[in-house]
Amino acid sequence: MAEQLFYFLIFPGLLFAAVVGAFLSYYDRKITAWVQFRKGPPLFQPFYDFFKLLLVKETILPKYGSKGVFLAAPIFAVFGATAAGVFILLPLLGIETGFNGDIIVIFYLLTIPSLTYIIGSLASGNPLAAVGGSREMKLILAYELTFLLVLAGIIQKAGMTISLNEIISFQTINGAFAGSISGIILFIVFIFCIQAKLALVPFDMPEAETEINHGIMIEYSGTPYALVKLAKYIMLFILPAFLISLLWGGLNFEGIHILWSVLKILFVVLLLTLIRNTNPRVKIKQALRFFILWMNLLAILAIVLSYFGY
Amino acid sequence: MGFKEHCFKKSLWLFHFAGASCNNCDIEILDCLTPRYDVERFGMLLVGSIRHADVLLVNGSINQRDKSRLLELYEQAPKPILVVAIGACGCTGGIFAEGNTFAGPVDKIIPVDAYIPGCPPKPEAILAGVVKLLNK
Ligand code: SF4
């Protein structure tokens, strides 16, 4: 029991994932600043933001909303993100092997943060938050099938195993999936799914800062918003980690391989940041079309290719 | 300086309220976010929702109609909140001070923590005002 609690709360769960995620968020903002020829924030900026919101700011409850649900939603978001993080990171860091079928569980747990954002935004009783919530809902409908197809492709490539640990060890023996044509296609589709899951720019219409003033987050302030930030930091770390463990051979922490592992994560986050900085926000209709038509077609193509051994 | 205060000063999120301004101050405020001045160096971000704001930037003359909105915004903001009056209009009323819809400079309506005069103030002046606010 104590061991499980340690896994969940400290390493590799809440504390570890949040700290790494916060540094990745700094990295993301710094790269953004460089792309725009600015200097960017100081190193501990995400921590300042988080502690300011947590400790200093007042929490305001919406007058015409459902207060309990409004406050509970961020807690569940952190819980979902952490649980998914534990199941991803335990096999990835080689601490425990996980169990058979854990990628299905991870798939569901990864949806929880987005779902709770929707619930929280609808509970706040703000019309702009409702617009954001409905957009997030449509976005989930769009990318979730694609995400499932990508997982199906990976499961097929790994010889029909649904255990994360076995997929990683399959890649250590036979080489990373990203080295084949179908693997590269799956990698591209997966990157776009992460982009939509994190609500980064081409798919940030639920938050659309300039259009509906942070949409789903509009009513959050103080401690609940700090928890939302925390969930976002964790997601920014575990989604690239999930991608790496499924398609890029996992991480390795022996000697010089540590450097290579860190570079892998930084590279995936760099890709996400560059996509977010070089694209405009699309309309929700375009996003639906992008995922339901093109990305699904690509994913199916990858599955067919991998069936024929490419 | 305590840990809380340090975090607060290192991460001020700005919310921009423009009264009946001539639009010149607005442009100078936005200039502060551009690569040349880049206030993100100090951890500042422009946010779109008053619920996330730590600093309320008010510029332009406040007329009868703006007054209630400014008050409402101030009440909606999570405390602690700092208020900065930007431009001659925000500080004193400037050229609009004699107008018949004018409802008083900002500090008559809500408490103001820093004044940045100028018509419009240069981005450098705005940054200097912000630094003074941080050292207060
Ligand atoms: S202070 Fe001057 S520049 Fe600024 S809004 Fe007033 S008139 Fe315009």
Side-chain angles (χ1 to χ4, degrees), chain A residues 22 25-26 28-63 65 70 121 124 126 128-129 132 204 207-226 228-229, chain B residues 1-18 26 29-57 69 71-83 113 123 127 130-131 133-134 136:
Chain A
S25 149
Y26 157 76
D28 165 70
R29 280 174 70 175
K30 194 81 181 171
I31 296 286
T32 307
W34 281 345
V35 170
Q36 299 167 350
F37 302 104
R38 292 188 286 120
K39 263 193 83 176
L43 178 59
F44 290 106
Q45 190 58 47
F47 296 94
Y48 297 143
D49 289 350
F50 175 73
F51 284 112
K52 174 200 75 178
L53 289 169
L54 187 71
L55 301 174
V56 184
K57 296 300 280 184
E58 182 192 7
T59 302
I60 296 183
L61 295 176
K63 188 173 171 191
F70 178 76
S121 69
S124 72
N126 185 313
L128 289 180
D204 74 330
E207 279 179 48
E209 196 182 314
T210 42
E211 185 189 342
I212 52 173
N213 300 339
H214 296 281
I216 45 180
M217 301 304 162
I218 189 168
E219 285 291 333
Y220 279 107
S221 62
T223 312
Y225 194 51
V228 169
K229 281 266 165 212
Chain B
M1 190 162 58
F3 176 68
K4 279 187 190 178
E5 205 182 340
H6 182 67
C7 287
F8 182 65
K9 287 195 164 171
K10 281 286 191 177
S11 144
L12 293 175
W13 290 354
L14 318 172
F15 182 87
H16 179 194
F17 176 84
D26 308 62
I29 290 173
L30 291 184
D31 271 354
C32 296
L33 305 169
T34 52
R36 193 177 180 106
Y37 301 104
D38 186 25
V39 287
E40 205 188 357
R41 284 180 291 156
F42 309 117
M44 296 180 189
L45 279 183
L46 197 66
V47 292
S49 161
I50 185 68
R51 296 274 197 244
H52 306 166
D54 305 302
V55 180
L56 182 58
L57 305 174
R69 289 180 190 163
L71 264 176
E72 199 178 326
L73 261 185
Y74 185 74
E75 275 155 18
Q76 282 182 347
K79 310 292 172 301
I81 180 126
L82 304 169
V83 180
D113 296 271
L127 287 187
V130 164
V131 170
L133 190 70
L134 288 181
K136 211 163 101 172

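Throughout, protein chains are lettered first and strands after them, A, B, ... in sequence-line order, and every chain is numbered starting at 1.
Looking at B:Lys10, its side chain never comes within 3.5 Å of a backbone N or O of A:Tyr48 through a donor-acceptor pair. Looking at B:His52, its side chain never comes within 3.5 Å of a backbone N or O of A:Tyr225 through a donor-acceptor pair. At least one donor-acceptor pair under 3.5 Å links the side chain of A:Lys57 to the backbone N or O of B:Pro78.
When heavy atoms are compared at a cutoff of 4.5 Å, B:Leu45 approaches chain A solely by way of its side chain, counted from C-beta outward. Residue A:Leu53 touches chain B through its side chain alone, counting heavy-atom pairs closer than 4.5 Å. For A:Glu219, the parts lying under 4.5 angstrom from a heavy atom of chain B are both the backbone and the side chain. Using a 4.5 Å cut-off between heavy atoms, A:Leu55 touches chain B through backbone and side chain atoms alike. Of the two parts of B:Val47, the backbone and the side chain both hold a non-hydrogen atom closer than 4.5 Å to a non-hydrogen atom of chain A.
With rounding to the nearest 0.5 Å, the separation of CZ in B:Arg51 from CG in A:Asn126 is 8.0 Å. Atoms CZ and OG, on A:Phe50 and B:Ser11 in that order, are 12.0 Å from each other to the nearest 0.5 Å. Taken to the nearest 0.5 Å, the OH atom of B:Tyr37 stands 15.5 Å off from the CZ atom of A:Arg38. For the atom pair CD1 of A:Ile60 and CD of B:Gln76, the computed distance is 7.5 Å after rounding to the nearest 0.5 Å. Here the CD atom belonging to A:Gln45 is positioned 13.0 Å from the CZ atom belonging to B:Arg41, to the nearest 0.5 angstrom.
Nearest heavy-atom pair, B:Gly48 versus A:His214, reported as atom, atom and distance to 0.1 Å: N-NE2, 3.2 Å. Nearest heavy-atom pair, A:Phe51 versus B:Cys7, reported as atom, atom and distance to 0.1 Å: CB-SG, 3.7 Å. Here the shortest heavy-atom pairing between A:Gly40 and B:Asp38 reads N-OD2, 3.2 Å.
The cationic group of A:Lys52 lies under 6.0 Å from the six-membered ring centre of B:Trp13 and within 45° of the ring axis, placing it in a cation-pi geometry.
Counting non-hydrogen atoms of other residues, nucleotides and ligands closer than 6.0 Å to NZ of B:Lys4 gives a total of 12 or fewer.
With chain B as partner, the option from A:Leu128, A:Thr59, A:Val56 having the largest number of non-hydrogen pairs under 4.5 angstrom is A:Val56.
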